J.: 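Questions regarding the structure given below will be posed in turn.
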Amino acid sequence: MHYLYSVPVVFSLAAVVSSSNITVDLSWHAPPSTNISNLQSVINGTGVYNFVFNSSTTPAGLPYSTYNWCNMPHVRCTEYPKVDQSYKLQYVHVIHRHHKRTPYASNTFPKESYAWECSDEGLYYNANTFTGANANSSALTYWSVFTSPSNPLAPQGFNGTCQFPQLTAGGLDDSHQHGKDIFGVYHGLLGFLPAKYDSRKMQFRVTNNVITSQVASNLIPGMFPSLEDKNIPLMIQPASIDSLEPAYSCSSASSLYSSYGVGSSNANWTAHLNASSGLAHALDAISGVSSSNTGWHQSWDHYFDNLSARLCHSKPLPCNSTTGTCVTQAQANEVFRLGEYEYNFLYRSAGPQTLEYARRSYGIWVAELANHLRAVQNGTDSVIYRHDVAHDGSISRLLALLQIQEMVWPGMGSEIVFELYSKHNEWFVRILWGGQVLKSSSPTLGKVVDMVPLQNLLAYFDGLVGRSASLVPGLCNQS
Ligand SMILES: *[C@@H]1O[C@H](CO)[C@@H](O)[C@H](O)[C@H]1NC(C)=O
Ligand SMILES: *[C@@H]1O[C@H](CO)[C@@H](O)[C@H](O)[C@H]1NC(C)=O
Ligand SMILES: *[C@@H]1O[C@H](CO)[C@@H](O)[C@H](O)[C@H]1NC(C)=O
Ligand SMILES: *[C@@H]1O[C@H](CO)[C@@H](O)[C@H](O)[C@H]1NC(C)=O
Ligand SMILES: *[C@@H]1O[C@H](CO)[C@@H](O)[C@H](O)[C@H]1NC(C)=O
Ligand SMILES: *[C@@H]1O[C@H](CO)[C@@H](O)[C@H](O)[C@H]1NC(C)=O
Ligand SMILES: *[C@@H]1O[C@H](CO)[C@@H](O)[C@H](O)[C@H]1NC(C)=O
Ligand SMILES: *[C@@H]1O[C@H](CO)[C@@H](O)[C@H](O)[C@H]1NC(C)=O
Ligand SMILES: *[C@@H]1O[C@H](CO)[C@@H](O)[C@H](O)[C@H]1NC(C)=O
Ligand SMILES: *[C@@H]1O[C@H](CO)[C@@H](O)[C@H](O)[C@H]1NC(C)=O
Ligand SMILES: CC(=O)N[C@H]1CO[C@H](CO)[C@@H](O)[C@@H]1O
């Protein structure tokens, strides 16, 4: 990896044309160590740092900016950090994780002690031709999950009427509120977005995982309640090359990750698994997960998703119907501390490889963002607002690349916003995380990523991933 890297940056703005060479620091900078990254407090601490895991609503006694796994803080009028009026907002790019859902089937226990019902909503799948006013219209068909007494096989995990995963009714409401809050800021407070949906000015994007479309279909009416035309395109890339999820393959990134992360025998990674093996045994005895099931024991991901999804939906912690033993809140808290520790390690604390991993596995999305910023600056893009609905893996990689100071596991709805401003003939970017200005350890981005000169941010992105991600294919093919 190159450190101080010089990139020629050429930009033109309206009548003014200027060019400059900018030197930026592309190296990894260690995050400060905190309780989240301290194995001793992870294993022997209590509670979960005032984080919320059991409701989409953060209790009144805690600030809105509090980490809430079920529904993370995002931009909202009441907390929005306003910018000096001399800066003109030119472009906004939002990316966030989908909202709360049922667990993935792979994270459910072999046998669950209760069912999970989703009969309060429909997952619509329909396709309609675009052949003009007389087109045959399609029915609004939706999925209705059922099991039949004539089918002798029991489903993996929960019985009931849900897909695993699917957005729950609560997650759809959170998506709607998220849209309302964003619109409150960028239309209501700032007058930046128009009152009505306009496909020339805004684009919504999703991944090939249907849960992101479930979010978008509820978020958009939250922003524009009186949609005259309810047909809204959701941008999507082919699954094999999708940069947002990300789903493109990058073999060198995968092998780098497996040298320090989940599945590796790197002692820095396995230390916490070793230290928490007692908890794993206790939970296996309740869940019936076999101790030889590597998926469940090479990280805390599965137990974390399992337990947190229940609590976010006010469901009890699981019990073993044979032994009568239940998972305790203290055990759940330790699982949550371990999960936060893992994301902190995997995306920041493990070392420079976290940045290297991020630029390889998320470089294409970053290059797309950089080109959108350039196109707004050179006046060739009519789109002023882009909104991408993604996953924890997307947000984590992006936070690793931005070198966030305190990395956490991005909870449901976790949001990063890029705001592009102009002032006279200069351009600046501000980045918001959880609705507040992002704190980064990279000196190029500043301690707080607040009005960083656009050319510096672009030089950082270009240096790491190349213009139009030109470095990524080569990096991915390195052995
Ligand atoms: C960048 O610097 C190099 C050498 O210092 C110079 O040759 C080149 O023209 C510069 N490029 C731009 C775009 O200013
Ligand atoms: C947790 O506390 C126990 C008992 O005091 C101690 O043996 C163990 O080393 C501690 N674990 C960590 C990771 O600090
Ligand atoms: C960090 O953990 C220690 C004990 O391990 C505790 O005393 C302290 O209050 C914690 N700090 C925060 C900010 O949670
Ligand atoms: C959520 O958990 C906190 C801390 O364990 C507890 O004080 C609170 O009553 C719980 N809230 C709900 C809605 O269960
Ligand atoms: C509607 O469907 C019929 C077949 O039932 C087809 O012949 C016709 O072209 C379709 N109409 C339009 C406007 O696409
Ligand atoms: C789930 O359904 C299967 C049959 O499909 C049944 O054998 C099992 O008892 C059910 N479990 C619960 C917890 O309802
Ligand atoms: C483990 O972490 C230490 C301290 O951060 C680092 O010096 C060492 O290289 C790491 N070991 C491996 C195998 O990554
Ligand atoms: C694993 O933990 C045990 C105590 O639970 C300790 O004796 C042992 O040294 C640890 N092994 C490693 C490789 O950290
Ligand atoms: C309950 O505990 C027993 C004993 O640990 C285990 O064999 C079984 O798989 C567990 N799960 C269920 C659903 O009974
Ligand atoms: C404006 O920027 C975009 C994105 O980098 C680029 O594709 C386009 O060629 C530029 N157009 C002009 C006129 O500079
Ligand atoms: C949150 C989540 O679903 N995590 C994992 C669930 O398990 C599958 C299969 O092991 C993983 O691919 C997911 O990342």
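Just follow the structure's listing: the first ligand is 1, and inside any ligand the first atom is 1. Computed from a prediction, not measured in an experiment: that's the story for all the values here.
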J.: For atom 2 (O) of ligand 9, is some protein heavy-atom partner under 4.0 Å away?
T.: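 There is a protein heavy atom less than 4.0 Å from atom 2 (O) of ligand 9.
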J.: Below a 4.0 angstrom heavy-atom separation, can you tell me which part of T325, side chain or backbone, both or neither, approaches ligand 9?
T.: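 For T325, there is no contact with ligand 9 at all, from either part.
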J.: Report yes or no: does N208 contribute a side-chain atom to a donor-acceptor pair with the main-chain N or O of Q237 at less than 3.5 Å?
T.: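 Yes, the answer is positive, given that a donor and an acceptor are paired below the 3.5 Å cut-off.
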J.: Thinking salt bridges, do D450 and K439 make one under a 4.0 Å N-O criterion?
T.: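 Salt bridge: no.
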J.: Identify the residue among I43, N333, L273 that makes a side chain to side chain contact (heavy atoms under 4.5 Å, CB included) with L338.
T.: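 Result: among I43, N333, L273, I43 is the only option passing the side chain to side chain contact (heavy atoms under 4.5 Å, CB included) with L338.
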J.: Checking contacts here: is it the side chain or the backbone of N371 that comes within 4.0 Å of ligand 10, counting heavy atoms only? Could be both or neither.
T.: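 Both backbone and side chain.
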J.: Among all the protein's non-hydrogen atoms, which is closest to atom 13 (C) of ligand 9, and how far away is it?
T.: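 Nearest protein contact, heavy atoms only, for atom 13 (C) of ligand 9 is K111 CB, 3.9 Å.
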J.: Which of the numbered atoms in ligand 10 are under 4.0 angstrom from any heavy atom belonging to A375?
T.: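 The atoms of ligand 10 under 4.0 Å from a heavy atom of A375 are 2 (O).
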J.: Whether the side chain of N477 engages the backbone of P473 through a donor-acceptor N/O pair (distance < 3.5 Å, no angle test) should be reported.
T.: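 Confirmed, N477 side chain pairs with P473 backbone.
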J.: So, H387 versus H96, ring centres under 6.0 angstrom or not?
T.: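 Under 6.0 Å, so yes.
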J.: Aromatic rings Y87 and F428: how do their planes relate, parallel, tilted or perpendicular, breaks at 30° and 60°?
T.: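 Rings of Y87 and F428: perpendicular, as their planes differ by over 60°.
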J.: Considering only non-hydrogen protein atoms, determine which one is nearest to atom 12 (C) of ligand 9 and report residue, atom name and distance to 0.1 Å.
T.: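 Protein heavy atom at minimum distance: N320 ND2, 3.5 Å.
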J.: Can you tell me which residue and heavy atom of the protein come closest to atom 5 (O) of ligand 9, and the distance to 0.1 Å?
T.: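 Residue, atom and distance for the closest contact: A285 O, 3.1 Å.
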J.: Under 30°, 30 to 60°, or over 60°: which ring-plane class applies to Y80 and Y186, parallel, tilted or perpendicular?
T.: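 Judged by the thresholds at 30° and 60°, the geometry between Y80 and Y186 is perpendicular.
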J.: What about S321: any of its N or O atoms under 3.5 Å from an N or O on ligand 9?
T.: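 Among all N and O atoms of S321, none is under 3.5 Å from an N or O of ligand 9.
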J.: Would you tell me which option among V376, L373, L458, N378 has the nearest heavy-atom contact to atom 11 (N) of ligand 10?
T.: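 Checking each option, the heavy atom nearest atom 11 (N) of ligand 10 is found in N378.
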J.: Check each atom of ligand 9 against the heavy atoms of I286 and keep those under 4.0 Å away; list them by number with element.
T.: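 Contacts of ligand 9 toward I286, numbered from 1: 10 (C), 11 (N).
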J.: Taking only Lys NZ, Arg NE, NH1 and NH2, and the carboxylate oxygens of Asp or Glu, determine whether E368 and R386 approach each other closer than 4.0 Å.
T.: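 The answer is no: the pair does not qualify as a salt bridge.
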J.: Mind checking whether Y124 and Y142 have parallel, tilted or perpendicular rings, split at 30° and 60°?
T.: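 Tilted.
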J.: Distance to 0.1 Å, residue and atom name: give those for the protein heavy atom nearest to atom 9 (O) of ligand 9.
T.: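 Sorting protein heavy atoms by distance from atom 9 (O) of ligand 9 puts G288 CA, 3.5 Å first.
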J.: Just jot down the ligand 10 atoms closer than 4.0 angstrom to any heavy atom of T380, in number order.
T.: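 Matching atoms, with element in brackets: 1 (C), 11 (N), 13 (C).
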J.: Show me which atoms of ligand 9 lie under 4.0 Å from any heavy atom of T322.
T.: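 Those atoms are 14 (O).
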J.: Pairs of nitrogen or oxygen atoms closer than 3.5 Å, one from R467 and one from ligand 10: do any exist?
T.: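 There is no such contact.
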